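Just below is one structure, and these are the notes that go with it.
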Amino acid sequence: MNLVLDAMGGDFAPGHEVEGALMALRLAPGRFTIDLVGQPEAIRAELDRMGISGEPPFGIVPASQVVSMHDHPAQAVKAKPDSSLVVGLKYHAEGKADAFISTGNTGAVMTASVFILGRLPGVSRPTVFTFFPTVTGSNVLIVDAGANVDSKPEHLVQFAQMGAIYAGCVFGKAAPRVALLNVGSEPGKGTELAKEAHALLSARPGLNFIGNIEGRDLIRGTADVAVCDGFTGNILLKFAETIEPFISYALAAELPEAGFDEDAAARVQAALHRACRGFDYEAQGGVPLLGV
């Protein structure tokens, strides 16, 4: 399996991309090959910085332009045809790679993927999801997590179907429980978007739709897939990222007051960090763009 990695995407490119590629090849020898797409001189400068001489253990696909985090997605894709993002996705579309990976501009990744790879039949809006830990030990898949800030009821149905397929294939769920994230459990609750989506989801054959759930039901593990628009999903995602740091900060202030010495407090903090790994975005890695 060959992977093509956008070496110029993300806040710390290409340093973290080069380091990540080398680490992946070292930790999983022989499982895959990697091509980095981007500015060759910048990639080689990172290798020099790391003291690596000679031919690198990965390929380098030249691309002169960079799509930044501040670029407008559609405009960037059209104005920067030789960007690492566009060149990498074309490399994938031509069958030279089995997967394309980027930590860059999410909107640009989605836009370029639609233009270059195309949408799956029946999908009008590709989507991304996030994992949310539960007290049952499994994860609930929250979709959409920010790719589509404005959504229509039929889009939420598509998100639900793609999420259910992913949960079935990857998590082994025979009939994933799909729920609509809402402000109440009753069918008539919520915005017009939520009410119309509820009606469509209830009528969708083959979908194990269990109705509305509230935010507190996520951690309880009430559903395997929780559907919402990207605006709601991204707010939830960003809030979840603050849970572990807040508890850790609060404990740091309270443990000495409760009589914990420095060693005991350190053990409690370490246990907390392990318990909250599900909320740590650095531990979760990336997620696939569904629908392309």
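Every value quoted in this text rests on a predicted model; they were computed, and no experiment measured them.
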Rounded to the nearest 0.5 Å, what separates atom OG in Ser84 from atom CZ in Phe100? 6.5 Å

Does the Asn2 side chain pair with the main chain of Asp98, one donor and one acceptor, at a distance under 3.5 Å? no

Lys152 backbone acceptor or donor facing His155 side chain under 3.5 Å: yes

Backbone of Gly9 reached by a side-chain donor or acceptor of Thr103 within 3.5 Å: yes

Any ion pair linking Glu41 and Arg44 (charged N to carboxylate O, less than 4.0 Å)? no

Would the distance check show the side chain of Asn105 and the main-chain N or O of Asp71 forming a donor-acceptor pair, the cut-off being under 3.5 Å? yes

Take the angle between the ring planes of Phe131 and Tyr166 and call it parallel below 30°, perpendicular above 60°, tilted in between. tilted

Heavy-atom donor-acceptor pair, Asn148 side chain to Asp150 backbone, under 3.5 Å: no

Can you get from Leu117 to Leu3 by hopping between Ile, Leu, Val, Met, Phe, Trp and Tyr side chains that sit under 4.5 Å apart? no

Is the shortest side-chain N to carboxylate O distance from Lys189 to Glu186 below 4.0 Å? yes

Any donor-acceptor N/O pair, Asp6 side chain to Met8 backbone, under 3.5 Å: yes

Minimum-distance pair of heavy atoms, taken over all atoms of Pro126 and Leu289: CB-CD1, 4.0 Å

N/O donor-acceptor pair under 3.5 Å between Gln158 side chain and Ser124 backbone: yes

For Leu181, the option from Leu236, Val227, Val143, Asn212 that meets side-chain contact (heavy atoms from CB on, under 4.5 Å): Leu236

Could you tell me whether Arg220 and Glu214 have a side-chain N and a carboxylate O separated by less than 4.0 Å? no

Ignoring hydrogens and geometry beyond distance, is a side-chain donor-acceptor pair present between Ser151 and Asp229 at under 3.5 Å? no

Could you tell me whether a side-chain N or O of Thr222 sits under 3.5 Å from a main-chain N or O of Asp217, the two making a donor and an acceptor? yes

Are any side-chain N or O atoms of Asp35 and backbone N or O atoms of Phe58, one a donor and one an acceptor, separated by less than 3.5 Å? no

For Ser64, is there any backbone N or O sitting under 3.5 Å from a side-chain donor or acceptor partner on Gln39? yes

